[in-house]
Structures are given as C-alpha cells and as structure tokens.
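What follows is a short report on a single structure.
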Amino acid sequence: MHLKELSIAEFDGFAKSFPISSYYQSSNYALFMAEMGFDYEFVGLVDELGVIKAASLILIKKISLSCKYGYCPKGFLIDYMNFDLLKSFVELLRKYYEKKLTFIKINPEIAIGEINPLSQITNYNQNIVVRDYLRQLGFLKLRDNKYFESLFPRYNGIVNLKEYNFDNLSKNTKNKIRKALKKGLVFEKSGRENIDVLFDFVKRKKNNDAVYYKNYFNVFDKDMAADIFLIKLDYEKYLINSKKLYDEELIKNNIISKKLIESSSELFIKEKMNSDKNLLSYKNDIEIASKGLNEHKYVYVGGAFVIKYLNRVHIVISGFDKKYKHFNPNYFLHYQLLEYYKNDYKFMDLNGLTGDFSDNNPYKGLNKFKLGFKPHFYEFIGEFDFIINEHNYRSLIKKGLLAKEFNKKTKDK
C-alpha cells in the first residue's frame with residue numbers, strides 16, 4: 001500500500017461512504033478553513049488495486065517562522081480497531097510529512113463510553129483500546145479537558161431522531177416548551193441575509209466575527225447543507241394568546257370563588273390562590289404584549305446555525321437574548337429544531353456537554369438544559385498530537401506557541 005494525494009472527488013466519495021463520517025472531514029470544511037488561513041491536502045492510503053483504505057483531510061498552518069503543523073479535524077477516516085492498517089497509514093504519513101510538518105493534531109470522533117446521567121457512571125466500550133494503539137504509534141495523548149478547553153468537547157449529547165418523542169423529554173423541559181408555545185414565540189427559517197441578526201445572540205460565546213459565520217454558511221450553502229433559524233417574539237400573537245389564557249383563567253377563577261362560598265376547604269383555597277397567581281401573570285403578559293405591539297410588531301430573541309451532513313444534523317452554534325430568558329427561547333428553539341429535522345435525518349448533535357456532575361460545575365445549567373432533551377451522552381477519546389519532529393515540537397512548547405495557538409478562546413458557553 002502507498003500514500004497518495006487525493007482529488008476532491010476521490011476524497012468526498014470515500015468520506016461519504018465511510019461508516020462514521022463528519023462534515024469536518026469534507027472538502028467543504030477544507031474550503032472554509034482556507035478562508036481562515038489554512039492550506040489543505042487530501043491524502044489516502046491506497047492498496048495495489050487502487051482502492052482507498054483510509055483517508056484524511058490535513059489542514060496545514062504555519063505556527064512559527066520555521067514550523068508548520070497539520071490538523072485532522074475529527075481524526076482520520078480509518079478503521080482504528082485495525083491496528084495493522086492504522087500502523088501502515090501512520091508510518092506513511094510520517095514519511096510523507098517529515099520535511100513539511102512538525103506534528104499532526106487529531107481528535108477522532110470515537111466514542112469510548114456512554115454516560116448514564118442518573119447514575120453518573122460511564123459504560124466504557126471496546127473503542128477504549130484505540131488510546132493504547134495511538135500511544136504505541138507515537139501519538140501524545142493530551143490532557144483530558146474538564147470543560148471546553150480543547151478544540152472539540154470531550155463529551156457530547158446526540159439525539160437519535162428516530163427515537164425522539166416529546167413525551168419522553170424531561171418534565172422540566174416539557175414545561176418550559178409548553179410555556180414558550182403560549183408566549184407568542186415563532187420559529188423562522190432564515191438565510192445569509194440575517195446572519196448579522198444571529199450574530200448578536202452568539203457573539204459573546206466565541207471570538208469569531210460575523211464574517212466568520214458568513215464564510216462558514218456560504219461554503220456549505222452551495223450544497224444546501226447550511227441552515228439559519230431565528231426565533232422571534234410576535235407581540236400580536238403574544239397578546240392574543242395572553243388574552244385567551246386570561247379569559248379562560250377568569251372563568252375558572254369565578255367557578256372556584258363560588259365553590260369557596262359553599263365550602264372554605266383547604267383544597268379550594270389553594271386552587272383560588274393558584275388561579276389568582278395565574279391571572280396576575282397573564283395580566284402582566286397582556287401589558288407587556290400591548291406595550292411591545294405599540295413599539296414594534298415583533299423582536300428577534302434567538303437563533304441557531306445548523307450544518308447538515310449525510311444522516312446527521314449539527315448545531316454549530318446557537319444563542320438567545322438574555323433579556324428574554326423568561327420566555328424560554330432556547331428550549332423553544334431546540335424543540336423546534338428536533339421537530340423540523342426528525343423525519344429527514346437520523347441524528348442531531350447538540351454540540352457539547354461536560355462530564356462534571358458536581359454542584360460547582362460552572363456549566364451545570366448547560367448540562368441540565370441539554371440533557372433535558374434526552375440525548376445519548378457520550379465520552380469521546382480526546383485529542384492527540386502525532387509528533388513528527390520532536391526537537392521542533394519541544395521548542396514550540398518552550399516558546400509558548402502551542403498554548404497560544406490552541407488555548408480555547410471561548411468567552412462563555
């Protein structure tokens with residue numbers, strides 16, 4: 001077998017037929033990263049008959065005056081459990097890049113275990129042996145990130161859309177969604193023209209500007225693989241819903257009042273207090289909706305950027321205006337995304353959780369939110385550096401250039 005550079009057609013053909021593939025290993029992602037200052041190559045391990053046995057997108061970037069590194073987002077497209085095949089590929093990669101690259105970074109999309117959120121126990125699987133295989137082949141296992149310090153989350157939630165059912169969501173999640181549905185929120189499919197609107201909701205999360213997301217969208221939109229969604233608060237709908245709920249509750253309140261005249265039981269008193277509380281809440285909603293309608297018909301309160309690839313949907317980023325948190329826009333958004341894609345795709349990637357179940361976890365709320373949608377909760381294998389030039393690699397560490405390049409610039413998850 002030998003290593004050769006693949007054409008875009010050859011690489012994409014192999015990638016799309018590979019059992020576990022990711023849009024990060026695609027020509028579209030390569031084109032996007034070229035906009036971000038990377039060069040790229042597609043390499044493949046080919047047998048004597050010309051059949052591709054393994055392949056990878058290699059993103060290439062200069063990290064110092066004399067050093068470049070390679071990056072394989074989501075790892076090689078290879079059967080990692082086949083040690084001999086993996087060894088052949090890695091040895092040929094070393095020879096191919098020994099004069100060009102200092103190291104190659106990979107973060108394979110290999111789930112080594114599934115976590116039970118209730119017991120907090122990880123059920124590890126046979127894939128865990130791949131860590132030992134990679135170490136034997138000269139890969140340096142980097143520190144396991146506790147939260148979101150690495151290029152990709154170590155833990156992830158993936159919803160099987162064929163199993164998805166609203167009734168199976170957590171009680172808290174269902175209640176939040178039901179409340180949002182009564183508030184006049186509207187789910188709206190949008191496009192490039194509203195990326196600036198979406199950007200207002202996600203700019204606090206990462207140090208990427210609006211142009212970054214426009215380039216990202218444009219590259220994948222050529223294949224109709226990118227979607228933008230916005231959530232808006234329609235004040236007219238909000239007012240109509242609130243008045244309807246108020247009128248219904250008022251009828252209920254009058255009935256309870258009559259019951260109280262006949263009997264001042266503790267049950268009726270409690271019902272009356274709850275009903276009075278609901279009436280006050282709906283009255284407040286009517287005032288907010290009326291005021292909003294006088295100023296403008298609607299306001300955007302959240303949104304999401306989504307990539308579709310093969311049978312999977314990936315939420316690249318999402319966000320909402322914290323001023324409207326009490327409308328539960330994030331719950332409404334994710335619910336609508338699941339409903340929108342459930343008939344056409346098999347999986348939805350919720351994009352990152354943590355494995356920290358302590359009360360001190362700063363992302364405890366994020367975990368609770370995403371786990372409420374009942375995803376499969378996976379631990380992935382992590383990040384590795386394949387060191388090709390040991391001297392240069394150590395020099396990069398000493399000068400702080402690796403930390404500068406790869407330390408996550410996330411402001412807020």
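All of these numbers come straight from a predicted model, not from anything done at the bench.
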Polar contact flag, side-chain donor to acceptor under 3.5 angstrom, [X]-[Y]:
{"X": "N389", "Y": "T102", "result": "no"}
{"X": "D223", "Y": "N28", "result": "yes"}
{"X": "T354", "Y": "N367", "result": "yes"}
{"X": "Y216", "Y": "N208", "result": "no"}
{"X": "S170", "Y": "N172", "result": "no"}
{"X": "D356", "Y": "Y147", "result": "yes"}
{"X": "E41", "Y": "Y97", "result": "yes"}
{"X": "N107", "Y": "S150", "result": "no"}

Query raised in the report: Do F327 and Y238 make the cut of ring centroids closer than 6.0 angstrom?
Result: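 Ring-ring flag for F327/Y238: true, centres closer than 6.0 Å.
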
Query raised in the report: What about the rings of Y282 and Y246, do their centers lie closer together than 6.0 Å?
Result: no

Requested in this report: Give the C-alpha distance, both sets of side-chain angles, the deciding distance and a yes or no for side-chain contact (heavy atoms from CB on, under 4.5 Å) between E5 and Y96.
Outcome: CA-CA 10 Å; E5 192 164 342; Y96 191 81; 3.6 Å; yes

Requested in this report: Could you please spell out the steps behind the side-chain contact (heavy atoms from CB on, under 4.5 Å) verdict for C72 and F386?
Outcome: CA-CA 11 Å; C72 305; F386 179 50; over 6 Å; no

Query raised in the report: With Y335, which of F229, F166, F373 fulfils ring pair (Phe, Tyr, Trp, His ring centres under 6.0 Å)?
Result: F166

Mind checking whether [X] and [Y] have side chains closer than 4.5 Å, heavy atoms only?
{"X": "D84", "Y": "N82", "answer": "yes"}
{"X": "Y300", "Y": "I231", "answer": "no"}
{"X": "L161", "Y": "L338", "answer": "yes"}
{"X": "Y23", "Y": "V316", "answer": "yes"}
{"X": "R312", "Y": "H314", "answer": "yes"}
{"X": "S21", "Y": "L310", "answer": "yes"}
{"X": "I381", "Y": "V130", "answer": "yes"}

Side-chain ion pair, [X] and [Y], N-O less than 4.0 Å:
{"X": "D221", "Y": "R192", "answer": "no"}
{"X": "K270", "Y": "E266", "answer": "no"}
{"X": "K183", "Y": "D285", "answer": "yes"}
{"X": "K243", "Y": "E248", "answer": "no"}
{"X": "K214", "Y": "D196", "answer": "yes"}
{"X": "E405", "Y": "K61", "answer": "yes"}
{"X": "K291", "Y": "E295", "answer": "yes"}

Query raised in the report: In this structure, which one of K105, K74, R131, R154 forms a salt bridge (charged side-chain N to carboxylate O under 4.0 Å, His left out) with E383?
Result: K105

Report task. For side-chain contact (heavy atoms from CB on, under 4.5 Å), just list the numbers for V43 and F76, CA-CA rounded to whole Å, side-chain angles, deciding distance to a tenth of an Å, and then say yes or no. Result -> CA-CA 10 Å; V43 295; F76 313 131; over 6 Å; no

Requested in this report: Kindly compute the distance separating OG (S56) from CD (Q25), expressed to the nearest 0.5 Å.
Outcome: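 Here the rounded value is 4.0 Å.
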
Requested in this report: Using side chain to side chain donor-acceptor pair (under 3.5 Å) as the criterion, list what pairs up with K141, not counting sequence neighbours.
Outcome: D144

Query raised in the report: Sequence neighbours excluded, which residues qualify as side chain to side chain donor-acceptor pair (under 3.5 Å) partners of S275?
Result: E249, N253

Requested in this report: Could you please spell out the steps behind the ring pair (Phe, Tyr, Trp, His ring centres under 6.0 Å) verdict for F347 and H376?
Outcome: CA-CA 10 Å; F347 301 104; H376 290 273; 8.4 Å; no

